Amino acid sequence: MFRIGLLTSGGDCQALNATMRGIVKTILKNSKDKVEIFGFEDGYQGLIYGRYRQMKWKDFSGILTQGGTILGTSRTPFKLLDVPKADGVEKVPAMIATYRKLKLDVLFVLGGNGSTKTANRLREEDLNVIALPKTIDNDTWGTDMTFGFPSAIDIATKCIDDIHTTANSHRRVFVIEIMGHKVGWIPLYAGIAGGADVILIPEIPYSMDNVVAAIERREKDGGRFAIVVVAEGAISREEAAMKKKDYKKKVAARVQPSVAYDIAEEIAQRTDREIRVAVPGHTQRGGEPSAQDRIFATQCGVEAARGALAGEFGYMIAQRDGHMARVPLERVAGKLKYVDPSCELIQEAKLLGISFGDE
């Protein structure tokens with residue numbers, strides 16, 4: 001008997017079900033042994049409390065195009081992993097006990113950075129674990145792409161596209177807030193795809209003087225409107241120079257809902273333009289996975305299953321230079337993949353006239 005466990009942890013995304021389908025379908029079609037499948041409900045919480053259900057192939061049929069996760073998900077912060085829960089349950093021993101009770105041969109963890117750190121901890125406890133890179137933010141170290149990212153780009157780009165017509169009709173400047181607290185992959189890609197005039201990401205501290213200058217330049221060139229794409233974690237030069245604790249205090253004291261509203265208010269004060277803010281928010285996590293997401297998620301699932309069938313564990317599935325690869329979990333855990341401010345894509349965007357607020 002070949003016993004596998006599946007869990008989806010952290011924020012949801014569009015291609016989680018497609019990935020699980022890829023894992024299960026590959027194992028069922030290629031395992032020489034009978035297969036038992038255990039799905040843990042609500043991420044690591046299901047593993048901690050033994051909330052699971054035994055699943056069959058029919059549970060994974062027809063879910064390639066379905067967003068979200070059929071298992072449910074939750075966040076289990078890594079920094080609190082060794083802090084007992086309010087009910088006294090110790091998380092790591094409880095997860096190990098559930099794994100041993102079910103006599104699992106492998107646990108597949110579909111998650112982002114925090115989830116991968118926990119997966120590595122379980123590997124250190126001698127459990128057979130394979131991680132798969134899930135996050136719309138594309139910030140998981142060691143892989144060129146994560147599943148969820150292509151779909152999020154499409155949704156964010158569609159939002160920017162739709163804003164163009166109303167912005168043009170009313171001669172407005174629109175500030176569009178795109179997900180990305182620590183890294184700017186989604187606003188960078190969606191901003192370029194959507195024809196933004198200004199793109200502000202966490203990796204490039206901005207100057208409001210440069211942002212305003214870009215908007216005025218756009219108007220001088222005959223543009224009726226301007227699109228400013230702002231990452232959730234966009235940061236000014238002044239804020240970037242602050243001590244971390246002082247910056248956190250400033251964010252905590254913010255009156256506006258987010259940095260996008262602060263930027264919009266300052267643009268309004270410094271120009272005579274009419275300003276509006278648009279926030280697509282969690283729609284960027286929702287809906288059906290894009291075609292590219294379905295393909296990449298399926299590849300991840302197949303590669304993870306292939307490794308498990310070969311008795312190889314302790315790594316994260318990745319894409320490197322266009323090819324599927326495996327990266328040891330100890331190399332991935334705790335690392336973020338940031339946008340390189342000097343990368344080709346940003347340099348090309350600047351040549352096109354897009355401002356990143358830094359010049």
Side-chain angles (χ1 to χ4, degrees), residues 10-11 13 112-113 135-141 145-146 148-163 173-208 210-212 214-215 226-242 244 247-248 250-252 254 256-267 275-286 336-343 345-350 352 354-359:
C13 75
N113 298 295
T135 170
I136 66 169
D137 293 314
N138 197 41
D139 61 356
T140 299
W141 189 90
M145 186 165 65
T146 59
F149 178 55
S151 298
I153 295 171
D154 284 357
I155 293 168
T157 301
K158 179 64 163 55
C159 172
I160 298 170
D161 289 347
D162 290 346
I163 290 297
V173 174
F174 263 85
V175 177
I176 305 175
E177 182 180 284
I178 300 297
M179 282 187 167
H181 276 293
K182 295 181 179 180
V183 302
W185 292 105
I186 304 176
L188 173 61
Y189 275 64
I192 293 174
D197 303 294
V198 178
I199 302 173
L200 305 181
I201 61 176
E203 293 89 344
I204 304 178
Y206 65 87
S207 162
M208 278 305 301
N210 294 333
V211 173
V212 171
I215 294 170
I227 301 293
V228 180
V229 168
V230 178
E232 292 170 302
I235 186 169
S236 70
R237 287 178 178 171
E238 294 76 16
E239 292 167 336
M242 290 180 175
K244 192 173 182 179
Y247 174 64
K248 285 186 175 181
K250 180 178 179 181
V251 172
R254 177 175 283 146
Q256 299 280 11
S258 67
V259 65
Y261 289 87
D262 287 340
I263 290 171
E265 183 176 356
E266 189 161 357
I267 293 172
I275 317 295
R276 291 291 186 273
V277 176
V279 184
H282 282 74
T283 62
Q284 293 164 87
R285 292 189 181 279
L336 281 177
K337 182 183 69 179
Y338 295 96
V339 175
D340 180 358
S342 63
C343 71
L345 185 57
I346 287 181
Q347 299 309 312
E348 290 159 353
K350 287 183 175 181
L352 194 64
I354 297 174
S355 171
F356 289 84
D358 59 334
E359 57 185 29

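If you're wondering where the values come from, they're calculated on a predicted model, not measured in any experiment.
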If you take all heavy atoms of A231 and P187, which pair is closest and at what distance? CB-CG, 3.6 Å

Does the side chain of I227 come within less than 4.5 Å of V229's, by heavy atoms? yes

Determine yes or no for a side-chain-to-main-chain donor-acceptor pair under 3.5 angstrom, with D137 supplying the side chain and D139 the backbone. no

Considering non-hydrogen atoms only, spot the tightest contact between A349 and I192 and give its length. CB-CD1, 3.9 Å

Measure from the side-chain N and O atoms of T146 to the backbone N and O of T135, and report whether any donor-acceptor pair falls under 3.5 Å. yes

Value for CG (N113) from OG1 (T140), rounded to nearest 0.5 Å, stands at 4.0 Å

Over all atoms of both residues, closest heavy-atom pair of M179 and G281: CE-O, 3.5 Å

Closest non-hydrogen atom pair between L200 and A234, with its separation: O-CB, 3.9 Å

Shortest non-hydrogen contact between A196 and I354, atoms and distance: O-CG1, 3.5 Å

Taking C-beta and beyond as the side chain, do S258 and E232 meet within less than 4.5 Å on heavy atoms? no

Quick one: are F174 and I160 in side-chain contact, heavy atoms under 4.5 Å? no

Can you tell whether the side chains of K158 and D162 come within less than 4.0 Å, N to carboxylate O? yes

Side-chain heavy-atom pair I346, F356 within 4.5 angstrom cut-off: yes

4.5 Å side-chain heavy-atom contact, C159 and I176: yes

Which pair of non-hydrogen atoms, one from V211 and one from G357, has the smallest distance, and what is that distance? CG2-CA, 4.3 Å

Just by modelled atom types, is the N138 backbone N or O under 3.5 Å from a matching donor or acceptor in the K337 side chain? yes

Residues R276, V175; criterion side-chain contact (heavy atoms from CB on, under 4.5 Å); working and verdict: CA-CA 6 Å; R276 291 291 186 273; V175 177; over 6 Å; no

Sort out for me which residue in R237, E238, E239 forms a side chain to side chain contact (heavy atoms under 4.5 Å, CB included) with I235. E239

Do V259 and V230 come close enough that some side-chain heavy atom pair is under 4.5 Å? yes

Just jot down the side-chain contact (heavy atoms from CB on, under 4.5 Å) partners of A156, sequence neighbours excluded, or say none. I178, I186, A190, Q284

D358 versus N210, side-chain donor and acceptor atoms under 3.5 Å: no

Are any side-chain N or O atoms of E266 and backbone N or O atoms of I263, one a donor and one an acceptor, separated by less than 3.5 Å? no

Counting distance only, does the side-chain N/O of E348 pair as donor-acceptor with the main-chain N or O of C343 below 3.5 Å? no

Pairwise side-chain contact, I215 with D197, heavy-atom cut-off 4.5 Å (strictly under): no

Has the side chain of W185 got a donor or acceptor atom that lies under 3.5 Å from a matching backbone atom of I136? no

Polar side-chain atom of T283 near backbone of P280 as donor-acceptor pair, under 3.5 Å: yes

Quick one: list whatever passes side-chain contact (heavy atoms from CB on, under 4.5 Å) with V279, sequence neighbours left out. E177, Y261, V277

Show me the pairs that pass salt bridge (charged side-chain N to carboxylate O under 4.0 Å, His left out) and involve residues 182-195, at least two apart or across chains. none

